Amino acid sequence: MMSDKIKLTAQNILEKEFKTAMRGYKPEEVDQFLDIVIRDYETFQQEIEELKQENMKLRKKIEEGSSRTAPQGYQQAAPGTTNFDILKRLSNLEKHVFGNKLYE
């Protein structure tokens, strides 16, 4: 599924043909560069799809978690707190508790 904001796909780049001119670019250099661009586009698209899947799984977990009641003594996040905020706070806590050992 391609967004309306994205104008090119790896396939568009692969199939693009340029007209030749008297003092144009070296076709081999252009092709080599476009090959790199195509691989990057494919990698970006794959990463986007993986992140979308992960996002859907996390949203599902949140929905499942919000349908259950929190255990006694469990403090729920303040309204308006995002997952990013929670993950950032958790990361800071891990750094404080475990120090740099966690990241070595």
Side-chain angles (χ1 to χ4, degrees):
M1 182 168 71
M2 190 163 98
S3 168
D4 292 337
K5 296 177 186 177
I6 299 173
K7 303 295 181 204
L8 296 174
T9 66
Q11 192 66 30
N12 295 134
I13 297 168
L14 178 64
E15 293 174 351
K16 176 67 178 165
E17 291 188 25
F18 296 92
K19 296 177 183 173
T20 55
M22 192 73 144
R23 298 180 59 100
Y25 297 102
K26 290 183 180 179
E28 301 83 23
E29 287 182 15
V30 173
D31 288 344
Q32 288 173 356
F33 182 76
L34 289 177
D35 286 344
I36 294 168
V37 173
I38 290 168
R39 284 193 299 272
D40 282 353
Y41 260 72
E42 291 170 342
T43 301
F44 293 149
Q45 190 60 42
Q46 181 180 356
E47 287 184 24
I48 288 169
E49 288 304 317
E50 289 171 3
L51 290 170
K52 283 181 181 179
Q53 293 299 319
E54 181 181 1
N55 193 359
M56 284 177 31
K57 287 178 188 176
L58 292 172
R59 286 177 185 265
K60 187 174 182 179
K61 280 186 179 182
I62 289 170
E63 288 174 11
E64 290 172 358
S66 65
S67 66
R68 298 186 196 128
T69 57
Q72 193 171 16
Y74 177 79
Q75 184 178 3
Q76 296 232 343
T81 303
T82 65
N83 287 344
F84 177 78
D85 295 328
I86 294 169
L87 291 173
K88 187 175 177 182
R89 288 169 49 194
L90 179 60
S91 175
N92 288 337
L93 180 61
E94 287 175 341
K95 286 178 189 175
H96 180 73
V97 172
F98 298 108
N100 289 334
K101 294 178 187 176
L102 186 64
Y103 298 98
E104 291 176 354

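Keep in mind that what you see is a predicted model, and the values were worked out from it rather than measured. What's counted below: heavy atoms across the whole structure, side chains too, no hydrogens, waters or symmetry copies. Numbers here simply count residues along the sequence, with the first being 1.
For the pairing with Tyr41, the side-chain contact (heavy atoms from CB on, under 4.5 Å) check across Ile13, Thr9, Leu14, Ile36 returns one residue only, Ile13.
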### Task
Test Glu42 against Gln46 for side-chain contact (heavy atoms from CB on, under 4.5 Å), laying out the working first.
CA-CA 6 Å; Glu42 291 170 342; Gln46 181 180 356; over 6 Å; no
### Query
Where do Ile62 and Asn83 land on the side-chain contact (heavy atoms from CB on, under 4.5 Å) test, with the steps shown first?
CA-CA 10 Å; Ile62 289 170; Asn83 287 344; 3.0 Å; yes
#### Entry: Check against side-chain hydrogen bond (donor to acceptor under 3.5 Å, both in side chains), Asp40 and Thr43
CA-CA 5 Å; Asp40 282 353; Thr43 301; 5.2 Å; no
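A donor-acceptor contact shorter than 3.5 Å is absent between the side chain of Ser91 and the backbone of Leu87.
Here CD1 of Ile48 is found 13.0 Å from CD of Gln53. Values are rounded to the nearest 0.5 Å. Atom CD of Gln45 sits about 11.0 Å away from atom CD of Glu50, to the nearest 0.5 Å. Summarising the geometry, atom CG belonging to Leu34 is positioned 6.0 Å from atom CD1 belonging to Ile38; distances are rounded to the nearest 0.5 Å.
In this structure, Lys16 satisfies the cation-pi test against Phe18, with its NZ or CZ atom closer than 6.0 Å to the six-membered ring centre and inside 45 degrees of the ring normal.
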